[in-house]
Trainee: 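This is the structure I want to talk about, given as structure tokens.
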Amino acid sequence: MDMDKLVSLCKRRGFLFQSSEIYGGLNGFWDYGPLGVELKRNIKEAWWQDMVRGHDELVTPPGAPSAYEMTGLDSTIIMHPQVWKCSGHYDLFHDWMQTCRQCKRLVRADHVWNMIKEAPWALSFAETLEVTNWGDKLRFNSLRTLQWAKNKGRKTAPNLAIVRNPEVTLSWLSEDLENNPNLDLDLPTLLQYMATEQKAQTGLQTPCPHCGGDLTEPREFNLMFETHTGAVQTEESKTFLRPETAQGIFVNFKNVLDSTRVKVPFGIAQMGKSFRNEITPRNFTFRSREFEQMEIEFFCHPSESRQWYQYWRDRRWRWYQDLGIPEGRLRLREHDKDELSHYSVGTADIEYGFPFLAENEYGELEGIAHRGDFDLRSHMEGKLVKNAEGCLEVEMVEEEGGKKRPKWKGSGRDLTYRDEATNERYTPHVIEPSAGADRATLAFLCEAYHEDQAPDEKGEMQTRVVMKFHPRIAPVKAAVFPLVKKDGMPEIAQDIYRGLKKKFSAFYDEKGAVGRRYRRQDEAGTPYCITVDGQTLQDKTVTIRDRDTLEQWRVKVDDVVEEISQRVS
RNA sequence: GCGGGUGUAGUUCAAUGGUAGAACGAAAGCUUCCCAAGCUUUAGGCGAGGGUUCGAUUCCCUUCACCCGCUCCA
């Protein structure tokens, strides 16, 4: 499917518009039009109904370790700044990045040296100087270095200063070695010299892992939107728009426990807007700066957490299929150990083969993460990091005088849980199915788009664009037409329309040829069209036309609402 | 953030240093008894800002947005 076709249909029919379009648009922000808002709302309501309101806490669902309760929450977008400091977002979302002045590539400042250590050019140079250990003090061999620069260096690191201008670059090193015979020269330091052409002006440069060019100073990329609460804007008043809804659930964990009589295991669900100042919003609404999440934090006993993780992974995997995405278009991907987030002991992504991606590439719809007790403990104890043994402990910073204190102090509140039956007290583990509402909407849009052939009035085949939404999420459930605008047909059709509207979104249209009206509804994805015709006047039946098969059948006027209700729920 | 490409009507596309066209779509009317029909009529556009010029949608600069590649994606 051609993405451009979908984008223009979304614009034309009112599914999605660019935000602030009359002013030229704003990168990373999208508005939902009249049809889009119904579609997205139906998706969110399906999620809420299936996960929360419709959940039966009295029986054990297939695949679940036990029965469980579900409850909802709606927390604020702006929260106490300490929430983000303890959650890790404040530190993690302030990425320091460096750009290569030569090849223009962007690299994370804290990754640069690890990347250099694996760069082919650096490895080959280390070999030339017979360096096996990067931190070791080394003997500098100017002849071998020059030879390397002229041969292997030229091929593998073309932008390295010593390759571009060996004489000038080497002169700085010789000068420093003369002035300071005890100069501690290890490989990283030597590589810096080799990346530096004008040391007097620039100081020692860091080489680009990709091409050897010199990198800019680290610059801060802040992925959290900042704002201020209160009229006076100071460092003290700085607050953040939430980059995820999850933290609102964790900080309300105790409130929910104290107010609802829920027992572990149970889940708290929340839908809402989140904000991330993405470096590169791309691919229609797939990566937006303002987006909506549908998140569940499921609290369980640590000993059962793996089973619950599997339950939620499979449950959520099936949900997308139940709403019409075939299994073959989806991928369930378990993260590798080294890919896991700092808190997670297991994560799976549910991905969809979006048409803007290459063949066999998939984009994330939802992540199901086993977060352990990281979040609740963080909000009790303070920001946690993994220590050398791989255990979580409070991150400490050293004050003047060598005293240590927590980097970000937690709330100090007791967020543990006591099991009344066993009298055991513990910090629950958390399974987090975190879905993107806009990504799901986009996936359903992509999946719905079809072009097929349908005959026109003359019997010639014409291309028909039809959005084959699952009836449950279709923006409009049924449209009602009088076949012609006379003989009392409009009045009957309007009565039917009013009856339908009481239960779900319906559309009435009496303008133009009926074929045209059918095609319009095809593009909107309306699953059923009801037509009042001459026979209606005699036997009080109407036709119902199926969007996908184009089949028509007759039902009694009085049965229309019931017939459509059954088919769309 | 970098490099390349593209911005003309709701959509898809033309043309032009001197009044911007088409198709489809939309609206109104007539006609129409089942899949974009016909006839009549109507509305609607050069992404934004600046410069060059007698005059700029066209040339130049800046900016914004979209697409592709790089980078990033907790």
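Here is the naming used below: chain letters follow the sequence lines, and residue numbers restart at 1 for every chain.
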Trainee: Could you tell me how far B:G49 sits from B:A56 if I compare only their C1' atoms? Round to whole Å.
Mentor: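 Rounded to whole Å, the distance is 14 Å.
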Trainee: Pick base, sugar-phosphate or nothing for A:Thr531, based on heavy-atom distances below 4.0 Å to the nucleic acid.
Mentor: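 The residue A:Thr531 makes base contact.
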Trainee: Give me the distance, rounded to whole Å, that separates B:C13 from B:C30 when you measure between the P atoms they each carry.
Mentor: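 The answer is 36 Å between these two P atoms.
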Trainee: Across the strands shown, which category fits A:Gln552 at heavy-atom distances under 4.0 angstrom: base, sugar-phosphate, nothing?
Mentor: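 Counting heavy atoms under 4.0 Å across all strands, the contact made by A:Gln552 includes a base.
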Trainee: With a 6.0 Å cut-off on ring centres, are A:Phe356 and A:Phe284 close enough?
Mentor: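 Not close enough - the centres of the two rings lie 6.0 Å or further apart.
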Trainee: Tell me what A:Tyr90 touches on the nucleic acid: a base, only sugar-phosphate, or nothing, going by heavy atoms under 4.0 Å.
Mentor: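 The residue A:Tyr90 makes no contact with any strand.
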Trainee: Expressed as a whole number of angstroms, how long is the span from A:Lys511:NZ to B:A28:P?
Mentor: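 Roughly 4 Å, once rounded to whole Å.
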Trainee: Can you name the one residue among A:Glu295, A:Glu290, A:Glu292 that meets salt bridge (Lys or Arg N to Asp or Glu O under 4.0 Å) with A:Lys273?
Mentor: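 With A:Lys273 as partner, A:Glu295, A:Glu290, A:Glu292 yield a single salt bridge (Lys or Arg N to Asp or Glu O under 4.0 Å), made by A:Glu290.
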Trainee: Between A:Arg12 and A:Trp30, which is nearer to the 5' end of RNA chain B once each is assigned its nearest nucleotide?
Mentor: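 Mapping each residue to its closest nucleotide by heavy atoms, the 5'-most match is A:Arg12.
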Trainee: Please state how far atom CD in A:Glu361 lies from atom C1' in B:G69, giving the value in whole angstrom units.
Mentor: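 My rounded result for the distance is 13 Å.
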Trainee: Between B:U12 and B:G7, how many Å separate the two P atoms, rounded to a whole number?
Mentor: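 Approximately 12 Å lies between the P atom of B:U12 and that of B:G7.
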Trainee: Watson-Crick or G-U wobble partner for B:C70, using a 3.5 Å limit on both distances?
Mentor: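 The base-pairing partner of B:C70, which may sit in any strand shown, is B:G1.
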Trainee: Would you say A:Asn283 places a side-chain N or O within less than 4.0 Å of OP1 or OP2 belonging to B:C68?
Mentor: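 For B:C68, OP1 or OP2 has a side-chain N or O of A:Asn283 closer than 4.0 Å.
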Trainee: Without decimals, in angstroms, what is the distance between A:Ile22 CD1 and B:C64 P?
Mentor: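 Atom-to-atom, A:Ile22 to B:C64, this comes out as 18 Å.
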Trainee: Given the P atoms of B:C61 and B:G25, what is the spacing between them in whole Å?
Mentor: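 Between the two P atoms, the distance is 40 Å.
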Trainee: Which whole-number value in Å describes the distance from A:Asp4 CG to B:U6 P?
Mentor: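 A:Asp4 atom CG is separated from B:U6 atom P by 15 Å.
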Trainee: Looking only at the side chains, is there a donor atom on one of A:Ser505 and A:Glu38 sitting less than 3.5 Å from an acceptor on the other?
Mentor: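 Their side chains do not contain a donor-acceptor pair, so the 3.5 Å distance test is not met.
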Trainee: Which nucleotide, if any, forms a Watson-Crick or G-U wobble pair with B:A56, using both distances under 3.5 Å?
Mentor: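 Check on B:A56: unpaired, no WC or wobble geometry under 3.5 Å.
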Trainee: Would you mind classifying the nucleic acid contact of A:Asp487 as base, sugar-phosphate or nothing, using non-hydrogen atoms under 4.0 angstrom?
Mentor: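 Touches a base.
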Trainee: Rounding to the closest angstrom, what is the interatomic distance between B:C46 and B:G18 at atom C1'?
Mentor: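 To the nearest whole Å, 16 Å.
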Trainee: Quick one: which of B:A65, B:C67, B:C35 gets closest to the side chain of A:Arg282?
Mentor: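 Out of B:A65, B:C67, B:C35, the nucleotide with an atom closest to A:Arg282's side chain is B:C67.
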Trainee: Both distances below 3.5 Å, Watson-Crick or wobble geometry, any strand: find the nucleotide opposite B:A22.
Mentor: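 For B:A22, the partner nucleotide comes out as B:U12, under the 3.5 Å rule.
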Trainee: Check whether any side-chain N or O of A:Lys486 sits under 4.0 Å from OP1 or OP2 of B:U32, and answer yes or no.
Mentor: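 For B:U32, OP1 or OP2 has a side-chain N or O of A:Lys486 closer than 4.0 Å.
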Trainee: What's A:Leu9 touching, base or sugar-phosphate or nothing? Going by heavy atoms closer than 4.0 Å.
Mentor: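 The residue A:Leu9 makes no contact with any strand.
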Trainee: Would you say A:Trp30 and A:Asp438 are linked by a side-chain donor-acceptor pair, where the criterion is simply a distance under 3.5 Å?
Mentor: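 Note: A:Asp438 and A:Trp30 side chains miss the donor-acceptor criterion.
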Trainee: Work out how far the C1' atom of B:U19 is from that of B:U71, and round it to whole angstrom.
Mentor: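 To the nearest whole Å, 49 Å.
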Trainee: What's the CG-P distance between A:Asp509 and B:A27, to the nearest Å?
Mentor: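 Atom-to-atom, A:Asp509 to B:A27, this comes out as 8 Å.
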Trainee: Do the side-chain N or O atoms of A:Asn27 get closer than 4.0 angstrom to the phosphate oxygens (OP1, OP2) of B:C64?
Mentor: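 So the side chain of A:Asn27 is outside the cut-off, no N or O lying under 4.0 Å from OP1 or OP2 of B:C64.
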Trainee: With a 3.5 angstrom cut-off on both distances, give the Watson-Crick or G-U wobble partner of B:A27, or none if there isn't one.
Mentor: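 When the pairing criteria are applied, B:U41 turns out to be the nucleotide that pairs with B:A27.
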Trainee: Hey, is the side chain of A:Arg545 pairing donor to acceptor with the base of B:C34 inside 3.5 Å?
Mentor: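 Counting by modelled atom types and ignoring angles, no donor-acceptor contact under 3.5 Å is found here.
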Trainee: What's A:Lys485 touching, base or sugar-phosphate or nothing? Going by heavy atoms closer than 4.0 Å.
Mentor: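 Touches a base.
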Trainee: Roughly how far apart, to the nearest Å, are B:A27 and B:A43 at atom P?
Mentor: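 Straight-line distance between the two P atoms is 16 Å.
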Trainee: Could you tell me how far apart A:Tyr518 (OH) and B:A37 (P) are, to the nearest whole angstrom?
Mentor: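 Whole-Å distance recorded here is 14 Å.
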Trainee: What interatomic distance, in whole Å, is found between C1' of B:A14 and the corresponding atom of B:U57?
Mentor: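 My reading of the C1' atoms in B:U57 and B:A14 gives 13 Å.
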Trainee: Kindly say if A:Arg520 contacts the phosphate of B:A26, meaning a side-chain N or O under 4.0 Å from OP1 or OP2.
Mentor: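 For B:A26, OP1/OP2 do have a side-chain N/O of A:Arg520 under 4.0 Å.
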Trainee: So do the side chains of A:Met380 and A:Thr427 get within less than 4.5 Å of each other, counting heavy atoms only?
Mentor: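 They are in side-chain contact.
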Trainee: Report yes if at least one side-chain N or O of A:Lys11 is closer than 4.0 Å to OP1 or OP2 of B:U11; otherwise report no.
Mentor: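 The answer is yes; a side-chain N or O of A:Lys11 sits under 4.0 Å from OP1 or OP2.
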Trainee: Quick one: does A:Tyr23 reach the base of B:C64 with a side-chain donor-acceptor pair under 3.5 Å?
Mentor: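 It does not, because no donor-acceptor pair links the side chain of A:Tyr23 to the base of B:C64 below 3.5 Å.
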Trainee: Indicate whether OP1 or OP2 belonging to B:A37 is found under 4.0 Å from a side-chain N or O atom of A:Arg516.
Mentor: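 Yes, A:Arg516 has a side-chain N/O under 4.0 Å of OP1/OP2 on B:A37.
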Trainee: Find the partner of B:G49: check Watson-Crick (N1-N3 plus N6-O4 or O6-N4) and G-U wobble (N1-O2, O6-N3) distances, both under 3.5 Å, and reply none if neither fits.
Mentor: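 Base partner found: B:C61.
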Trainee: Identify the two heavy atoms, one from A:Ala524 and one from A:Met467, that lie closest to each other, and give their separation to 0.1 Å.
Mentor: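 A:Ala524 and A:Met467 have their closest heavy atoms at C-CB, 4.5 Å.
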Trainee: Under 3.5 Å, is there a donor-acceptor pair between the side chain of A:Arg516 and the main chain of A:Lys511?
Mentor: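 Pair absent, no side-chain N/O of A:Arg516 close to backbone of A:Lys511.
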Trainee: Whole angstrom is fine here: how far is it from CD in A:Gln453 over to C1' in B:C35?
Mentor: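 In whole Å, B:C35 C1' and A:Gln453 CD are 14 Å from each other.
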Trainee: Ignoring the backbone of A:Asp533, work out which of B:G29, B:A65, B:C34 is nearest its side chain.
Mentor: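 The closest nucleotide is B:C34.
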Trainee: Should the pair A:Phe469 and A:Phe15 be assigned to parallel (<30°), tilted (30 to 60°) or perpendicular (>60°) ring geometry?
Mentor: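 Geometry flag for A:Phe15 against A:Phe469: tilted rings.
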